[in-house]
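Below: one structure, written as structure tokens.
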Amino acid sequence: MGAHQLNPDFWVDSYADYLFNFAVVRVSDAEIAKDLVQETFFAGLKSAKNYKGDAAERTWLIAILKRKVIDHYRKINSKKGKAEVRMGYSSNSDSEGDWLEEQVADPYSTLENSAMESTELGLAIQGCISKLPKKQAQVFNMKTIQGISTEDICNELDINPSNLWVMIHRARTALMECLNQNWF
Amino acid sequence: MISCEEAAILCNKTQYEETTFVQKLKLRFHLFMCRACAGFTKKNTKLSLLCEKANLQVLSKHEKIKMKEQLQKKY
């Protein structure tokens, strides 16, 4: 047995959001991503006895999720001919004129880079959030990502606003520290 | 003038647009005087920007509970 152990009881709380973000940028559909995460947990449970403890729990789950994403694409492409790459000319058929020029990639475009960057960024932030104490992470998620109002959060978690702002402050300071090396 | 602790709270509230006009003025004035808080505010604003740019998504509490139940069934 290696240094790591599996604790399936904590999987959903600890890794669901991280895995979900990983999946959602790859399949670009929240529903499918959710199913893939669920399947990943099932598969993890099923093959838990094969876990040697060499890798951290999260890395191991991500490896399973990667397989699930690939399987997903295999499945939707399994019908004959669907796996072909199709290129239509144009989405708006009434355009005339410089159609060949329009198809050329813009050498100055940084769009694809920024998409990649924000994927990495999302995982970096999610990874840092998962290192926060549970309560702080919960408050930060509710406030920042879900955008729930201060009042509603206070009611739901049964805390007062100054508690909430202290937690937000600690969470944000920790996140700045954690992201400091790569992103600031 | 407000203290640095108060400034930090106002700075955090500003990230969620929950400060009044007067509070904003107080914060601005403090930042003008205090270098440390100005640095903190700059970083804090950057963090908000990054979070927005990353377009993070989370599963709702309800969905997580459902996931847990399903997982428990498999034990």
Side-chain angles (χ1 to χ4, degrees), chain A residues 8-13 16-21 23-25 30 33-34 37-38 41-42 44-46 114 117-126 128-129 137-138 140-147 149-150 156 161-162 164-173 175-177 179-180 183-184, chain B residues 2-24 26-28 30-31 34-75:
Chain A
D9 288 335
F10 303 114
W11 280 358
V12 176
D13 285 328
D17 286 331
Y18 186 82
L19 296 176
F20 180 64
N21 268 283
V24 91
V25 296
K34 205 174 81 185
V37 172
Q38 180 86 70
F41 287 145
F42 288 161
L45 211 53
K46 224 168 149 188
S114 77
E117 209 173 74
S118 70
T119 307
E120 281 170 23
L121 175 63
L123 286 179
I125 297 178
Q126 205 63 251
C128 287
I129 291 176
Q138 192 184 9
F140 184 81
N141 276 338
M142 287 171 95
K143 192 97 190 85
T144 314
I145 302 173
Q146 294 175 286
S149 76
T150 308
E156 195 172 325
S162 55
L164 178 133
W165 287 111
V166 168
M167 277 194 263
I168 290 279
H169 180 72
R170 288 188 185 149
R172 294 188 76 96
T173 319
L175 285 180
M176 285 181 230
E177 185 68 34
L179 290 168
N180 207 6
W183 297 96
F184 280 94
Chain B
I2 55 173
S3 70
C4 288
E5 283 82 10
E6 285 170 278
I9 294 171
L10 287 184
C11 172
N12 285 321
K13 286 189 181 176
T14 312
Q15 305 306 320
Y16 301 99
E17 288 166 15
E18 289 186 27
T19 34
T20 61
F21 180 67
V22 179
Q23 284 175 322
K24 266 182 209 156
K26 279 182 182 167
L27 177 63
R28 282 269 142 238
H30 181 96
L31 295 184
C34 173
R35 236 190 167 164
C37 286
F40 175 78
T41 304
K42 202 174 154 198
K43 272 186 152 188
N44 209 350
T45 314
K46 179 91 191 278
L47 179 66
S48 297
L49 212 86
L50 287 176
C51 284
E52 198 182 307
K53 203 175 129 197
N55 189 21
L56 292 173
Q57 304 197 37
V58 285
L59 293 162
S60 70
K61 207 175 153 190
H62 181 70
E63 285 171 326
K64 279 190 189 167
I65 291 171
K66 231 168 88 188
M67 261 190 187
K68 266 190 207 169
E69 281 168 0
Q70 300 238 299
L71 200 58
Q72 231 120 52
K73 278 187 215 154
K74 296 265 173 173
Y75 272 99

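Within the model, atoms CG of B:Asn12 and CZ of A:Arg172 stand 6.0 Å from one another, a figure rounded to the nearest 0.5 Å.
Considering only heavy atoms from C-beta on, B:Lys43 comes within 4.5 Å of A:Asn180 through its side chain. At a threshold of 4.5 Å between non-hydrogen side-chain atoms, the residues A:His169 and B:Cys11 do not count as touching. Side-chain contact between B:Tyr16 and A:Thr150 is absent, with no heavy-atom pair separated by less than 4.5 Å. You'll find the side chain of B:Met67 reaches within 4.5 Å of the side chain of A:Lys34, heavy atoms only.
If you tally non-hydrogen atom pairs under 4.5 Å between each of A:Gln146, A:Lys46, A:Met142, A:Gln138 and chain B, the highest count goes to A:Gln146. Contact count against chain B (heavy-atom pairs under 4.5 Å) is highest for A:Thr144 among A:Ile168, A:Thr144, A:Asn141, A:Thr173.
Closest non-hydrogen pair, B:Lys64 versus A:Val12, comes out as O-CG1, 3.7 Å. Residues A:Leu121 and B:Leu50 come closest through the heavy atom pair CD2-O, 3.5 Å.
Residue B:Glu52: no heavy atom, backbone or side chain, is found under 4.5 Å from chain A. Heavy atoms of A:Phe20 lying under 4.5 Å from chain B belong exclusively to its side chain.
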